Amino acid sequence: DEAYDFMGKAFVTTKNYRQALATMEKIKHKNLRIYTAMQRLSFYRGLELYENTLFEEAIEFFDYSLKYGDYDAQLKARAMYWKGECFYRTGRIDEANDLYYKFINAHGAAELSEFNLCHYNLGYTRFNVKDYNKAYGWFLKFTSLANHEDKNILGDAYNRLGDCLYVDRNFKPAIEAYDKAIKASEAIGDYSMLQKGICLGLTKDNNSKIEQLQQLISKYPKSIYCANAYYEIARAYVGMEQIKEAIYNYKVVKERYPKSSLASKAMLQLGLLYYNNGEYDNSMAFYKRVINEYPATPEAMDALAGLRNVYMERGDFDGYMSYTSTLGGFARVDMQERDSLMFLSAQRLYLRGEKSQAKEALKKYLAAFADGRFVTGANYYLGDCQYVEQDYEGALLSYVYVAQQPRSIYTEDALLRSGELYYKAGKYLESCDMFLRLEEEAEVETNKTEAIIGQMRCQQKLGDLEK
């Protein structure tokens, strides 16, 4: 036993934690000091692995620490918390929620540094599953706790409070929450100002909405929310029937932020505004730009419907049919209904969680409508089904296809998954390219962060640490 004790200490000194624990396990007559050391050693090794984003390996060590949890109650509580963090980071939200809740109620947890933050994390576990009432309660508890050292986290909690109230259509209390977020953290104030502006519009105060969003643009000229701000300003002017100003702001969205997901929507609105104003040439021009620049997207289909109205207003049915005949599969009038129904059938299987059946249905759809209306969405759903079945090669092909299409609601997720799968396959250059695109195009802040981390991991693998 003395020899094993000595060897265990030696392994600890060299940071060979796994071997140290294995050696300590061999000690036949363990005393309190050995058990406590095993609990502590496995916990801190798990923490080290977590910090290196090796979450599955970290869970193994936290479990090991919990195995000896009777010797230090606070360390046991911390192991539960950090194991919950690992579950959260790997997408196992319900499991994370259960561990966070156990931590909150654990003996001595209130004295630990993780205690306050755990309320914030519980808010997110509920927020992410759209249980907004419970999420609101946890975020509110977090903001009521004292000693918030990280003002960005506090500001984010107020933003989530605002979001929960916004979803529940309690717009005035939501505005108050966003105001608190603005005061708490200037770093994330752009989102708060955007949401406050939207809420002001929903309370019919479009003048204040415009003023708020113009302040956002002035204060945060490089914010990823500037395109949203201009778009919402345009909507406010439409509500006030100031069409000239609305047109100007919609054009700004397209001209200054061509890669934004709102660019196609702004052009679609321009087509509608010009149509309603009787300016049919301008209306037709913008509708056709949407169709040409964003083919096979929902916006293209809406533009086609708007364009049909323009042609019909002019009494030029033949012109409409002649135009649609040049557009390919997505505009063939007699095939649209079959296209839509076949995709919707596959989509419903996917949304019900019947991934195996959905995969086959999506493959049939893509075979029947290679240039159909929903090809981008179908490839995204197919990629997810393949990913779940661990067909990573097939999933990668599907996600890369989505990433190569015009900007859509699936683009960011496709870029993220493509980067991860290329990395998993050891194709670090391709992975880095996907993460670089994601960083440039991300409108979701967490995706931008993941993109930066992904690039760093690829560069490390490539030995290019100076980038």
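Residue numbers start at 1 and run along the sequence shown. Keep in mind the model is a prediction, meaning the values are calculated, not measured.
Remark: Arg373 fails to qualify as a cation-pi partner of Phe343 under the 6.0 Å distance and 45° angle criteria applied to the six-membered ring. Geometric assessment of Arg160 against the ring of Phe139 yields a negative cation-pi assignment under the 6.0 Å and 45° thresholds. Judged by the 6.0 Å distance and 45° axis criteria, Lys288 is positioned over the aromatic ring of Tyr323.
Within the structure, every pair that satisfies the salt bridge (Lys or Arg N to Asp or Glu O under 4.0 Å) test and touches residues 417-433, not counting sequence neighbours, is listed here: Asp384-Arg417, Arg417-Glu420. For residues 188-204, every residue pair satisfying the salt bridge (Lys or Arg N to Asp or Glu O under 4.0 Å) rule, not counting sequence neighbours, is listed here: Asp179-Lys196. Note on residues 122-140: pairs passing salt bridge (Lys or Arg N to Asp or Glu O under 4.0 Å), not counting sequence neighbours, are Asp94-Arg126.
Side-chain contact between Tyr178 and Met193 is absent, with no heavy-atom pair separated by less than 4.5 Å. Two residues are said to be in side-chain contact when any heavy atoms from C-beta on lie closer than 4.5 Å; Glu60 and Glu56 fail this criterion. At a threshold of 4.5 Å between non-hydrogen side-chain atoms, the residues Ser408 and Thr297 do not count as touching. With a 4.5 Å cut-off on side-chain heavy atoms, Tyr401 and Val375 count as touching. Side-chain contact check for Leu438 versus Lys448: every heavy-atom pair is 4.5 Å or farther apart. Annotation: side chain of Asp413 is not in contact with side chain of Tyr399 (no heavy-atom distance under 4.5 Å). Residues Leu262 and Lys265 meet the side-chain proximity criterion, which asks for heavy atoms closer than 4.5 Å. Annotation: side chain of Tyr387 is in contact with side chain of Leu421 (closest heavy-atom distance under 4.5 Å).
Note that the NZ atom of Lys180 and the OG atom of Ser185 stand 16.0 Å from one another [nearest 0.5 Å]. Annotation: the span from Ser208 atom OG to Glu211 atom CD amounts to 6.0 Å, rounded to 0.5 Å. Taking CG of Leu462 as the reference point, atom OG of Ser431 lies at 9.0 Å (rounded to 0.5 Å). Once rounded to the nearest 0.5 Å, the distance linking CD of Gln404 with CG of Leu415 reads 10.0 Å. Taken to the nearest 0.5 Å, the OH atom of Tyr237 stands 12.0 Å off from the CD1 atom of Ile243. Here the OG1-CD1 distance, from Thr143 to Ile153, works out to 13.5 Å after rounding to the nearest 0.5 Å.
Of the charged side-chain nitrogens involved, at least one lies within less than 4.0 Å of a carboxylate oxygen, so that Arg437 and Glu441 count as a salt-bridged pair. Salt bridge annotation for Glu389-Lys355: absent, with no cationic side-chain nitrogen under 4.0 angstrom from a carboxylate oxygen. Ion pairing of Arg235 with Glu232 is present here, as a side-chain N (NZ or NE/NH1/NH2) and a carboxylate O approach within less than 4.0 Å. Under 4.0 Å is where a charged nitrogen must lie from a carboxylate oxygen, and between Arg78 and Glu85 no such pair does.
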Practice prompt. Please step through side chain to side chain donor-acceptor pair (under 3.5 Å) for the pair Tyr381 and Gln347, ending with a clear verdict.
Written response: CA-CA 8 Å; Tyr381 290 144; Gln347 185 186 47; 3.1 Å; yes
Worksheet item: Where do Tyr230 and Tyr257 land on the side-chain contact (heavy atoms from CB on, under 4.5 Å) test, with the steps shown first?
Response: CA-CA 10 Å; Tyr230 278 113; Tyr257 309 97; 3.8 Å; yes
Practice prompt. Apply ring-ring contact (aromatic ring centres under 6.0 Å, His included) to the pair Tyr274 and Tyr280, showing each step before the final yes or no.
Written response: CA-CA 7 Å; Tyr274 280 124; Tyr280 298 131; over 10 Å; no
Practice prompt. Evaluate the side chain to side chain donor-acceptor pair (under 3.5 Å) criterion for residues Tyr166 and Asn159: first the C-alpha distance (whole Å), next the side-chain angles of each, then the deciding distance (0.1 Å), finally the verdict.
Written response: CA-CA 10 Å; Tyr166 170 84; Asn159 275 336; over 6 Å; no
Practice prompt. Give the intermediate values and the outcome of side-chain contact (heavy atoms from CB on, under 4.5 Å) for residues Phe435 and Ile453.
Written response: CA-CA 9 Å; Phe435 285 126; Ile453 293 172; over 6 Å; no
Discussion item. What verdict does the side-chain contact (heavy atoms from CB on, under 4.5 Å) test give for Lys219 and Glu186, after you've listed the backbone C-alpha separation in whole Å, the side-chain angles of each residue and the deciding distance to 0.1 Å?
Written reply: CA-CA 10 Å; Lys219 188 172 184 178; Glu186 185 172 318; 3.9 Å; yes
Discussion item. Apply side-chain contact (heavy atoms from CB on, under 4.5 Å) to residues Tyr275 and Met284 and explain how you reach the verdict.
Written reply: CA-CA 8 Å; Tyr275 173 79; Met284 182 177 290; over 6 Å; no
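In this view, Asp98 satisfies the salt bridge (charged side-chain N to carboxylate O under 4.0 Å, His left out) rule with no residue, not counting sequence neighbours. Shown here are the salt bridge (charged side-chain N to carboxylate O under 4.0 Å, His left out) partners of Glu443, two or more places apart in sequence or in another chain: Arg407. Residues passing the ring pair (Phe, Tyr, Trp, His ring centres under 6.0 Å) test with Tyr81, sequence neighbours excluded: Tyr100, Phe103.
In terms of heavy atoms, Leu200 sits closest to Ile175 at CD2-CD1, 3.7 Å. Considering all non-hydrogen atoms of both residues, Lys209 and Gly201 come closest at CD-CA, 3.6 Å. Counting all heavy atoms, side chain and backbone alike, His119 lies closest to Phe142 at CB-CB, 3.9 Å. The two residues Val290 and Glu299 come nearest to each other via the heavy atoms CG1-O, 3.5 Å. Ala181 and Ser192 get closest at one heavy-atom pair: CB-OG, 3.4 Å. Here the closest non-hydrogen pair linking Ile182 and Gly189 is CG1-O, 4.3 Å.
With hydrogens and angles ignored, the 3.5 Å screen pairs no side-chain donor or acceptor of Asn170 with any backbone N or O of Pro173. Judged by distance alone, the side chain of Asp156 and the main-chain N or O of Asn152 form no donor-acceptor pair under 3.5 Å. Tyr287 places no side-chain N or O within donor-acceptor distance of the main-chain N or O of Leu270, the cut-off being under 3.5 Å. Checking side-chain atoms of Ser283 against main-chain N and O of Glu279 turns up no donor-acceptor pair under 3.5 Å.
Taking the centre of each ring, Tyr225 and Tyr220 stay at or above the 6.0 Å mark. In this structure, Tyr50 has its ring center under 6.0 Å from that of Trp82. In this structure, Tyr136 has its ring center at least 6.0 angstrom away from the ring center of Tyr132. Aromatic pair Tyr422/Tyr428: ring centres not closer than 6.0 Å.
Using modelled atom types and a 3.5 Å distance limit, the side chains of Arg289 and Tyr294 yield no donor-acceptor pair. Using a 3.5 Å distance cut-off with no hydrogens or angles, the side chains of Ser398 and Gln386 do pair a donor with an acceptor.
For the side chain to side chain contact (heavy atoms under 4.5 Å, CB included) with Arg92, the lone residue among Leu99, Asn97, Ile59 that qualifies is Ile59.
Within a 6.0 Å sphere centred on CD of Glu440, other residues, nucleotides and ligands contribute more than 12 heavy atoms.
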